[in-house]
Amino acid sequence: MYDYTVFIGRFQPVHFGHLTVIRQALDQSHKLIILVGSANRARDIRNPFVYSERVEMISLCLTEAERARIFFAPLPDFMYQDTAWVENVQRIVDRVVDPTKTNTTEANITLIGHSKDATGFFLKLFPQWSSLPVVNPPQINATDIRNIYFGQEPLPVEHYLPKCVYDWMAEWRWEKNPLAYQRLQEEFDHVVKYKKQWSTVPYPVIFHTVDNIVMQSGHVLVVERGAMPGKGLLALPGGFLNAGEFLLDGAVRELYEETKLKVPEPVLRGSLKDTATFDDPYRSTRGRTITNSFFFKLNDREELPKVKGSDDAKKAFWIPLAQLRCENFYEDHFFQIQYFKDRDRKSTRLNSSHGYISYAVFCLKK
């Protein structure tokens with residue numbers, strides 16, 4: 001019997017497969033820690049339900065005695081920062097384990113799950129814990145359930161969903177949050193029509209986009225999306241690469257088209273500090289989309305340049321870095337900002353330390 005079992009999942013939505021894992025975990029351990037993943041993401045057709053809603057769905061399916069042995073915790077995404085994500089899981093588990101034990105190495109902990117696809121990679125990231133395989137898990141795909149839900153077809157409750165979850169999802173759709181459901185259903189229709197355009201291509205389509213991260217004086221330039229998918233969410237200025245266009249040229253073109261940034265192009269190009277490729281296979285609901293992003297850092301001693309939303313952007317504006325919230329952003333754009341912000345901070349520290357070393361060497365020589 002284990003002291004604790006850790007179960008990591010997104011539960012979008014909760015189905016019989018999840019309940020099978022939960023009950024097997026409770027049979028094998030005194031307490032169960034359920035980490036609800038992607039807890040910091042904006043609603044979209046892949047992540048339609050927020051953390052509290054998923055906890056409510058799970059709780060409805062359990063007895064009072066089962067709930068008393070379970071600890072829930074939100075687990076935010078750290079895209080492109082696997083080490084930070086692993087560290088956060090460790091910290092959460094550290095806070096939950098029996099306080100009479102000095103650290104988690106003294107507790108008997110196991111991680112439960114099954115590697116049904118590439119998203120199960122995390123099962124190998126915690127060698128300090130044993131691994132508890134799931135026995136005969138039901139073969140259920142949450143994507144199929146969401147497709148049925150937003151495709152406005154009757155939910156197959158007898159095959160996929162517990163009755164309590166079926167009722168909860170029906171109430172959420174019609175009474176609790178009809179506006180959110182309507183927006184997601186419209187986004188679902190948009191994505192289906194978008195993918196249908198490429199359905200006759202004899203090979204998997206991979207899209208290529210470009211994004212821009214423009215920072216100045218502790219602010220970053222963002223737009224509010226004016227069209228589906230992600231209508232109303234914050235995003236980086238960017239878009240699809242044109243045929244015969246170099247990556248940087250495409251990025252600069254999209255930046256000016258969407259923001260009307262009042263910075264001369266030679267000055268902008270001279271402010272390019274870094275670039276990176278973001279290729280998470282699940283970063284876009286439209287399909288496999290790889291983006292090349294360009295980080296520009298403008299002169300902090302000048303006023304923030306004027307901007308104006310145009311083209312696909314309803315608005316364009318500067319937002320303080322301290323006000324960034326992942327749940328307000330489209331796709332992985334928040335994580336792109338974090339990536340370049342962290343690299344810039346490290347670069348600044350490195351340059352500063354080099355300055356101190358150079359000054360010290362100069363003094364010694366003198």
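Just the heavy atoms: all of them, side chains too, but no hydrogens, waters or symmetry mates, feed the values below.
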If we ignore hydrogens and angles and just use 3.5 Å, is the side chain of [X] paired with the main-chain N or O of [Y] as donor and acceptor?
X: N40; Y: D77; answer: yes
X: R283; Y: T289; answer: yes
X: T291; Y: S293; answer: no
X: Q128; Y: I109; answer: no
X: E175; Y: A170; answer: no
X: E53; Y: V50; answer: yes
X: S217; Y: D300; answer: yes
X: R54; Y: R10; answer: yes
X: R41; Y: E331; answer: yes

Any side-chain heavy atom of [X] sitting closer than 4.5 Å to one from [Y]?
X: K346; Y: R343; result: no
X: V97; Y: K31; result: no
X: V191; Y: R46; result: no
X: P48; Y: R43; result: no

[atom2] on [Y] to [atom1] on [X], rounded to 0.5 Å:
X: E258; Y: N212; atom1: CD; atom2: CG; value: 8.5 Å
X: T277; Y: I290; atom1: OG1; atom2: CD1; value: 8.0 Å
X: L35; Y: F71; atom1: CG; atom2: CZ; value: 8.5 Å
X: R183; Y: I45; atom1: CZ; atom2: CD1; value: 10.5 Å
X: Y4; Y: I33; atom1: OH; atom2: CD1; value: 6.5 Å
X: R288; Y: Y282; atom1: CZ; atom2: OH; value: 10.0 Å

Name all residues meeting the side-chain hydrogen bond (donor to acceptor under 3.5 Å, both in side chains) criterion together with [X]; count only those two or more places apart in sequence or in a different chain, and write none if there are none.
X: E327; result: none
X: K176; result: E56
X: D312; result: none

Given the rule that I, L, V, M, F, W and Y join up when any side-chain heavy atoms are under 4.5 Å apart, are [X] and [Y] in one cluster?
X: L324; Y: V223; result: no
X: M57; Y: F150; result: yes
X: F240; Y: I213; result: no
X: Y80; Y: L321; result: yes
X: V86; Y: L75; result: yes

Exercise answer: donor-acceptor pairs, residues 11-28 side-chain atoms, under 3.5 Å, sequence neighbours excluded:
{"from": "Q12", "atom 1": "OE1", "to": "F49", "atom 2": "N", "distance (Å)": "3.0"}
{"from": "Q12", "atom 1": "NE2", "to": "F49", "atom 2": "O", "distance (Å)": "2.9"}
{"from": "H15", "atom 1": "ND1", "to": "G17", "atom 2": "N", "distance (Å)": "3.0"}
{"from": "H15", "atom 1": "ND1", "to": "H18", "atom 2": "N", "distance (Å)": "3.4"}
{"from": "H18", "atom 1": "ND1", "to": "H15", "atom 2": "N", "distance (Å)": "3.1"}
{"from": "T20", "atom 1": "OG1", "to": "F16", "atom 2": "O", "distance (Å)": "3.0"}
{"from": "R23", "atom 1": "NE", "to": "E66", "atom 2": "OE2", "distance (Å)": "3.0"}
{"from": "R23", "atom 1": "NH2", "to": "C61", "atom 2": "O", "distance (Å)": "2.9"}
{"from": "R23", "atom 1": "NH2", "to": "E66", "atom 2": "OE1", "distance (Å)": "3.4"}
{"from": "Q24", "atom 1": "OE1", "to": "V135", "atom 2": "N", "distance (Å)": "2.9"}
{"from": "Q24", "atom 1": "NE2", "to": "V135", "atom 2": "O", "distance (Å)": "2.8"}

Considering non-hydrogen atoms only, spot the tightest contact between [X] and [Y] and give its length.
X: S131; Y: P133; answer: O-CD, 3.5 Å
X: V6; Y: W129; answer: CG2-CZ3, 4.5 Å
X: Q216; Y: P305; answer: OE1-CD, 3.4 Å
X: N47; Y: S38; answer: OD1-CB, 3.7 Å

For V267, the rest of its hydrophobic cluster, which grows through side-chain links under 4.5 angstrom
V210, V214, L221, L241, L247, L248, V252, L255, Y256, L261, V263, L268, L272, F294, F296, L298, L304, V307, W318
Distance-only check: which donor-acceptor pairs under 3.5 Å involve side-chain atoms of residues 226-236, not counting sequence neighbours?
none

When F334, F335, Y339, F295 are each screened for ring-ring contact (aromatic ring centres under 6.0 Å, His included) with F278, the one that passes is Y339
Does either side chain, that of D94 or that of Q90, offer a donor lying less than 3.5 Å from an acceptor on the other one?
no
How about D144 and Y160: does a side-chain donor come under 3.5 Å of a side-chain acceptor?
no
Should E224 and N328 be marked as a side chain to side chain contact (heavy atoms under 4.5 Å, CB included) after you check the CA-CA gap, both sets of side-chain angles, and the distance that decides it?
CA-CA 10 Å; E224 179 184 328; N328 297 329; over 6 Å; no
Would you say R91 has more than 12 foreign heavy atoms packed within less than 6.0 Å of its CZ?
no
Flag yes if more than 12 heavy atoms outside E303 fall under 6.0 Å of its CD atom; otherwise flag no.
no
[Y]/[X] salt bridge by N-O under 4.0 Å criterion:
X: K297; Y: D344; value: yes
X: R146; Y: D44; value: no
X: D342; Y: R345; value: yes

Compute the centroid of each ring, for Y149 and then for Y181, and state whether the two points are separated by less than 6.0 Å.
yes
Where do S284 and F207 land on the side chain to side chain contact (heavy atoms under 4.5 Å, CB included) test, with the steps shown first?
CA-CA 10 Å; S284 177; F207 303 102; over 6 Å; no
N242 and D249: CA distance, side-chain angles, deciding distance, side chain to side chain contact (heavy atoms under 4.5 Å, CB included) verdict
CA-CA 10 Å; N242 289 338; D249 293 341; over 6 Å; no
Apply the test side chain to side chain contact (heavy atoms under 4.5 Å, CB included) to residues F188 and N147: give CA-CA distance (whole Å), side-chain angles for both, the deciding distance (0.1 Å), then the verdict.
CA-CA 8 Å; F188 177 84; N147 289 345; 3.4 Å; yes
Name the orientation class of the two ring planes belonging to W85 and F126 (parallel below 30°, tilted from 30 to 60°, perpendicular beyond 60°).
tilted
